[in-house]
Amino acid sequence: MRIICFAVALASLGSMASAQQQPAPFEIRMLAKGVYWVNGGGGNSGVIIGHKGVTVIDAKTTADGGKQLLAEVAKLTPLPVTSVILTHSDGDHVNGLAAFPDGLTIIAHENNKKEQEAALEAGGRGAPPANRLPNKLIVKDKESFKVDGIPFQFYHWGPAHTSGDLIVFLPVQKIVFTGDIVATQRLDPIIHLEKNGSTEGWIKTMQGIIALNAKTYVPGHGDIQDKFAVESRLQLVQAKHDKIKALIAQGKPLPDIKAAVGDPAPPATPGRGPAFGNLTDIMYAESTKK
C-alpha cells in the first residue's frame with residue numbers, strides 16, 4: 001500500500017512539475033480590424049493581417065516563444081506569416097525569429113542589423129540565427145510603404161533606446177508600436193548606452209511619437225497606452241531630465257544628484273534579468289563621455 005501511495009505521489013509531483021514548465025498563455029487583444037496586440041513571452045508583439053499574408057511586429061524572446069506566437073497567429077487566420085518588423089535589436093524582441101519560417105521579409109532600421117551582427121560576432125548572445133537578420137532596411141528618418149496591402153509608416157528620430165529604434169505607425173488605424181521607447185514597468189526611460197542609445201534622442205523620439213496623434217500606443221512592455229498617458233510620461237521625464245542636467249552643469253557629484261531628484265536606493269538583492277540604470281545614472285554616464 002505504501003509503495004502504491006508513493007508511486008501515486010511521484011506521478012502527482014511529475015504532473016505538477018510538467019504543468020509548471022508549461023509556458024504562460026499569451027494575451028491577445030484586437031486593436032482594430034485585422035490588428036492585434038500579443039502580450040507575453042517577452043516584449044509585446046503586433047499581428048497585422050494583410051491581403052495575402054500576416055505581418056508580425058517583434059518576435060518574442062526564445063524559439064519556443066516564437067512557436068507559441070505563430071500558433072496564436074494561426075488561430076486568428078489561415079494566412080501565412082510573410083513579414084516581420086523589428087522595433088529594435090534586443091533579444092526579447094528578436095530571438096523568437098529562430099522559430100519563424102524561411103523566406104520572410106524582415107524589416108528593421110539599418111543600425112538594428114548592425115547591432116545584431118555585432119552580437120553574432122561576439123558569440124551570438126542576444127541575437128537570432130544569422131539567417132534571420134533583417135533583409136529590408138530602413139535608412140531614412142521616415143519611410144512609407146505598404147506591406148501586403150496595408151499602409152505603414154516607419155520613423156527613426158535618432159538613437160534613443162538603442163541606435164536602431166524603429167517606430168511603426170499604422171496611419172489608417174492610428175496605432176503606434178513604440179518598441180521599448182515606452183515600457184510601462186518603470187517611469188525612467190530604458191537607454192542602452194552600450195548600443196549608443198541617448199537620453200536626448202529618447203526625448204526627441206517621444207516628441208515625434210506624440211506628434212503622430214495616434215489613438216493607440218502599443219509599448220514594448222506593458223499595457224496599451226493612449227496619447228495622454230504618453231504625453232504625461234514625457235512631461236515627467238522631461239522635468240527630471242532638466243533638473244539632472246542643471247545639477248550636472250553645476251558639478252554636483254552623482255550621489256548628491258540622486259538624492260536631489262529622489263532616486264530610490266538600489267535593492268539589496270538584485271533581481272533577475274538585466275539591470276538598467278535610472279535616468280540619473282544614464283545622464284551622468286553620458287556627461288562623462290563628452
Side-chain angles (χ1 to χ4, degrees), residues 19-108 112-113 116 119 124-136 147-148 150 152 154 161 165-168 170 173 175-185 216-224 273:
Q20 290 173 352
Q21 291 172 1
Q22 295 299 315
F26 289 170
E27 176 189 358
I28 300 177
R29 188 184 305 175
M30 187 171 74
L31 305 179
K33 183 179 179 180
V35 181
Y36 299 85
W37 162 56
V38 185
N39 180 33
N44 285 329
S45 294
V47 174
I48 298 91
I49 300 174
H51 295 179
K52 296 182 180 180
V54 177
T55 298
V56 169
I57 301 175
D58 289 339
K60 303 304 181 187
T61 306
T62 63
D64 285 343
K67 289 178 183 177
Q68 191 176 352
L69 177 57
L70 292 173
E72 295 298 338
V73 172
K75 295 176 185 177
L76 299 173
T77 176
L79 295 175
V81 173
T82 53
S83 300
V84 175
I85 301 168
L86 302 177
T87 61
H88 61 290
S89 67
D90 285 357
D92 58 338
H93 294 257
V94 305
N95 283 350
L97 278 171
F100 278 57
D102 293 334
L104 294 174
T105 298
I106 302 176
I107 303 167
N112 181 328
K113 183 178 182 180
Q116 291 190 49
R125 182 177 175 83
N131 63 353
R132 293 295 186 275
L133 290 177
N135 52 35
K136 185 175 180 62
V147 181
D148 203 356
I150 307 299
F152 280 82
F154 302 94
H161 174 63
D165 300 314
L166 191 65
I167 305 304
V168 183
L170 298 172
Q173 298 87 352
I175 298 171
V176 178
F177 291 84
T178 72
D180 285 1
I181 301 299
V182 179
T184 63
Q185 73 268 41
T216 305
Y217 293 80
V218 182
H221 296 268
D223 208 344
I224 304 302

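Bear in mind the structure is a predicted one, so any value in this text is a computation, not a measurement. All values below come from the heavy atoms of this structure, side chains included, with hydrogens, waters and symmetry mates left out.
Between the CD1 atom in Ile106 and the CD1 atom in Ile85 there is a gap of 11.5 Å [rounded to 0.5 Å]. Put simply, CG on Asn39 and CG on Asp223 are 7.5 Å apart, with the number rounded to the nearest 0.5 Å. Once rounded to the nearest 0.5 Å, the distance linking CD1 of Ile57 with CG of Leu170 reads 6.0 Å. Distance CG/Asp148 to OG1/Thr82: 5.0 Å, rounded to 0.5 Å. Rounding to the nearest 0.5 angstrom, the gap separating the NZ atom in Lys113 from the CG atom in Asn135 is 7.5 Å. To the nearest 0.5 Å, the span separating CG on Leu86 from CD1 on Ile107 amounts to 9.0 Å.
For the pair Ala63 and Ala99, the tightest heavy-atom approach, listed with the atom from each and the gap, is O-CB, 3.2 Å. Of all the heavy atoms in Leu70 and Pro101, the pair that sits closest is CD1-CD, 4.3 Å. The two residues Pro128 and Leu97 come nearest to each other via the heavy atoms CB-CB, 4.2 Å. When every heavy atom of Pro219 is checked against every heavy atom of Thr178, the shortest pair comes out as CA-OG1, 3.3 Å.
Looking at Phe177 and Leu166, their side chains never come closer than 4.5 Å, going by heavy atoms from C-beta outward. Within the 4.5 Å cutoff, side-chain heavy atoms of Phe154 are placed close to those of Val168. Counting only heavy atoms from C-beta outward, the side chains of Val35 and Ile48 approach each other to under 4.5 Å. A 4.5 Å side-chain heavy-atom check between Arg132 and Asp102 finds at least one atom pair inside the cut-off. Under the 4.5 Å side-chain criterion, counting only non-hydrogen atoms from C-beta, Ile28 is not in contact with Trp37. Using a 4.5 Å heavy-atom threshold, the side chains of Val54 and Val47 count as touching. Residues Val56 and Phe100 form a side-chain contact, since some pair of their non-hydrogen atoms from C-beta on lies under 4.5 Å apart. In this structure, Val38 and Lys60 have side chains that are in contact, with non-hydrogen atoms separated by less than 4.5 Å.
Between the side chains of Gln116 and Asn112, a donor-acceptor pair is found at a separation under 3.5 Å.
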query: Checking side-chain contact (heavy atoms from CB on, under 4.5 Å) for the pair Tyr36/Leu76: CA distance, chi angles, key distance, verdict?
result: CA-CA 9 Å; Tyr36 299 85; Leu76 299 173; 3.8 Å; yes
task: Using the side-chain contact (heavy atoms from CB on, under 4.5 Å) rule, take Tyr217 and Ile224 through it: C-alpha gap first, then chi angles, then the decisive distance, then the call.
output: CA-CA 6 Å; Tyr217 293 80; Ile224 304 302; over 6 Å; no
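For the side chain to side chain contact (heavy atoms under 4.5 Å, CB included) with Ser45, the qualifying choice from Val73, Thr87, Leu69, Val218 is Leu69, the only one to do so.
In this structure, the side chain of Asn95 does not engage the main chain of Gly66 through any donor-acceptor pair within 3.5 Å.
For residues 70-92, the ring-ring contact (aromatic ring centres under 6.0 Å, His included) pairs, not counting sequence neighbours, are His88-His93, His88-His161.
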